[in-house]
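So that the names make sense, note that chain A is the first sequence line, chain B the second, and so on, each numbered from 1.
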2 protein chains.
Amino acid sequence: MSVALNNARFNSKLTSQCQNCSLSALCLPISLADDDVNRLDQIIERKKPLKKGDILFRQGDEFESVYAVRTGTLKTFNITNSGEEQITGFYCPSELLGLSGIDKNIYPVSAKALETTTVCEIPFSHLEQLSEQIPTLKHQLFKVMSRKICDDQQMMVLLGKKNADEKVASLLLNLSARFKKRGYSATSFRLAMSRGEIGNYLGLAVETVSRVITRFQKNGMIQVDGKEISIIDLDQMQKLIGMSEDCDKIESI
Amino acid sequence: MSVALNNARFNSKLTSQCQNCSLSALCLPISLADDDVNRLDQIIERKKPLKKGDILFRQGDEFESVYAVRTGTLKTFNITNSGEEQITGFYCPSELLGLSGIDKNIYPVSAKALETTTVCEIPFSHLEQLSEQIPTLKHQLFKVMSRKICDDQQMMVLLGKKNADEKVASLLLNLSARFKKRGYSATSFRLAMSRGEIGNYLGLAVETVSRVITRFQKNGMIQVDGKEISIIDLDQMQKLIGMSEDCDKIESI
DNA sequence: TTTAAAAATTGATATATGTCAGTCTTTTGG
DNA sequence: CCAAAAGACTGACATATATCAATTTTTAAA
């Protein structure tokens, strides 16, 4: 992207693709030296785009890589013994997925594209090796995993303590924050997932999700056109969930 | 402990405390060389016992250490904006807590002893440094964190999809498995946490927990005397939750 | 573009679990 | 050892959300 080149990095001698990737500010450890970025770049494989519905990895597959989302969205899920799908997360650009596979060398969930999606594949053994030579990278990895633990625990709070309204509002605000971080609008975005997937993720029936969204719209809190969402009254919404989503709260202290 | 000394390690030249700790098989990376164990040992501080109700660290405190439980039990929890406590985990001997603090350098939860408890404090900066010199240790750390992510996601499935019976049964079987791993009885143990704490953790009212436990007892599935629990019909209980708790299932493939 | 299939919405009803209240039991501190 | 407080249990009732069913809208395929 010429835009990407016309920034502060324009004068860099780097030739790496990571360097030129519009996501690098988010996905690269901030303080990696130029040379380190090049080394990281060399272990990354850019895979061809996934179409909607394509599987990136399957529950039970041997764990080899973690993936950074470049464009699009994925969901991770397990198939429970009773055969139902349980969604455990949604992944947007710049986010890393697959970390849960490290423990047993097997992915404990499947990952599926919700729309056309591109990812960078990062073979974990290489990443781990490289992290031996680059302490900052190692620390970043610890941080990313720690944040995931923190986020998942917030999700536990949501599932255990919140009512349907709070659950849906939390998801919308969470997505909003993630879009914002990537430089997109915090108040107007497109949901890549269906109402059914939202319900599955939040522990609600589809019908309940639908009703909550309708109610929010009648309240004038949001405006909805299919998958397009505009948050009209961000304040009210934040109040609704008691905003200070704990992990987030701490961030702002 | 003389018992500990009378095992295969008796002939070791190691003098470290970790080496002699009855938990070492669980808490030490299995394949650390003797010398590495000694180095690990040197960074660990053994703290004086916590009494029931004592706080190990507080939500918002600066993150400095992770802790390995030696004896006793702790819970981690956050105080939500509305002032309620939400328990995010219980920690038994050999388990590591505090990892969620790495990300923001602040503990996002508090940790409190449920009974008299001893822990080893492991300053994280030292551990991280040491992990640079001992790749196996680094890998173990990644694994521990990955497992935590995996476990938390299972918890999300539990909270989102399971009914009260399944939730309580899942917790009992989960505790059972953890006791078993440490060499204790898998079918007879003492709950360190109150019914209220169980309910809080599982997203249920105390009364519901009480009723479920009573029902299980009437079914002859368990026998209860206050906090003492005996699982009578493990099979039935495993069937109840559809056993193959996913992460566990994969382990057994 | 037309048609079939999938997803979303809405209403009526059922139900699991929460809430409230009272009692009994266990734990704890003096 | 006793008294007070905390925890646990049980029943009656309330309610949020699930389930079922029917309709409308959107998406995907031919």
* Asked: For the pair made of NZ in A:K227 and P in D:dT25, what is the distance, rounded to whole Å?
  -> 18 Å
* **Nearest-nucleotide pick for B:E207, side chain only, options being C:dG11, C:dC20, D:dA8** => C:dC20
* To do: List the atom of B:V168, the atom of B:F216, and the distance in Å for their closest heavy-atom pair.
  => CG1-CE2, 4.0 Å
* Asked: B:L204 near the nucleic acid: base, sugar-phosphate alone, or nothing, with a heavy-atom cut-off under 4.0 Å?
  -> sugar-phosphate
* Spacing of A:I213 atom CD1 relative to D:dT25 atom P, expressed in whole Å -> 17 Å
* **Pair A:T118, A:T71: side-chain N/O donor-acceptor within cut-off below 3.5 Å** => yes
* Give one of base, sugar-phosphate or nothing for B:G196, where a contact means two heavy atoms less than 4.0 Å apart. => sugar-phosphate
* Can you find a donor-acceptor pair, distance only, under 3.5 Å between B:R195 side chain and C:dT26 base? -> no
* **Length of the line joining A:L191:CG and D:dT26:P, which is rounded to integer Å** => 15 Å
* Is any side-chain N or O of A:T208 closer than 4.0 Å to OP1 or OP2 of D:dA18? -> yes
* Asked: Whole Å only: how far is the CD1 atom of A:I198 from the C1' atom of C:dA7?
  -> 12 Å
* Structure fact -> Rounded to whole Å, CD of B:Q217 lies from P of D:dA8 at a distance of 14 Å
* How are the rings of B:Y107 and B:F57 set to each other: parallel, tilted or perpendicular (split at 30° and 60°)? -> parallel
* Asked: Is there a side-chain polar atom (N or O) of B:K52 under 4.0 Å from OP1 or OP2 of C:dT27?
  -> no
* Kindly indicate, with the supporting measurements, whether the criterion side chain to side chain donor-acceptor pair (under 3.5 Å) is fulfilled by A:T76 and A:T88. => CA-CA 6 Å; A:T76 52; A:T88 56; 2.9 Å; yes
* **Value in whole Å for how far the C1' atom of D:dT26 lies from CZ of A:R190** => 12 Å
* To do: Side chain of A:S194 only, please: which of D:dA8, D:dT10, C:dA8 is the nearest?
  => C:dA8
* Asked: On DNA chain D, nearest-nucleotide positions of A:D165 versus A:D225: which is more 5'?
  -> A:D165
* Structure fact -> Double-helix bend of the helix from C:dT1-D:dA30 to C:dG30-D:dC1, axes at both ends from 5 pairs, round to 10°, gives 70°
* To do: Using whole Å, report how far CD of A:E228 lies from P of D:dT26.
  => 13 Å
* To do: Using only side-chain N and O atoms of B:T214, determine if any of them is under 4.0 Å from OP1 or OP2 of D:dT10.
  => yes
* Would you kindly give the CD-to-P distance between B:E84 and C:dG18, to the nearest whole Å? => 13 Å
* **Audit row: B:S188, B:S230, side chain to side chain donor-acceptor pair (under 3.5 Å) steps and yes/no** => CA-CA 4 Å; B:S188 207; B:S230 294; 3.1 Å; yes
* To do: Establish, from distance only, whether the side-chain atoms of B:R178 and B:N174 form a donor-acceptor pair under 3.5 Å.
  => yes
* Asked: Do A:S170 and A:K162 meet the criterion of a side-chain donor-acceptor pair at a distance under 3.5 Å?
  -> yes
* Pick base, sugar-phosphate or nothing for A:G199, based on heavy-atom distances below 4.0 Å to the nucleic acid. => nothing
* To do: Look at all strands and tell whether A:G53 reaches a base, only sugar-phosphate, or nothing, counting heavy atoms closer than 4.0 Å.
  => nothing
* Where do B:Y201 and B:F90 land on the ring pair (Phe, Tyr, Trp, His ring centres under 6.0 Å) test, with the steps shown first? -> CA-CA 9 Å; B:Y201 180 60; B:F90 297 118; 4.8 Å; yes
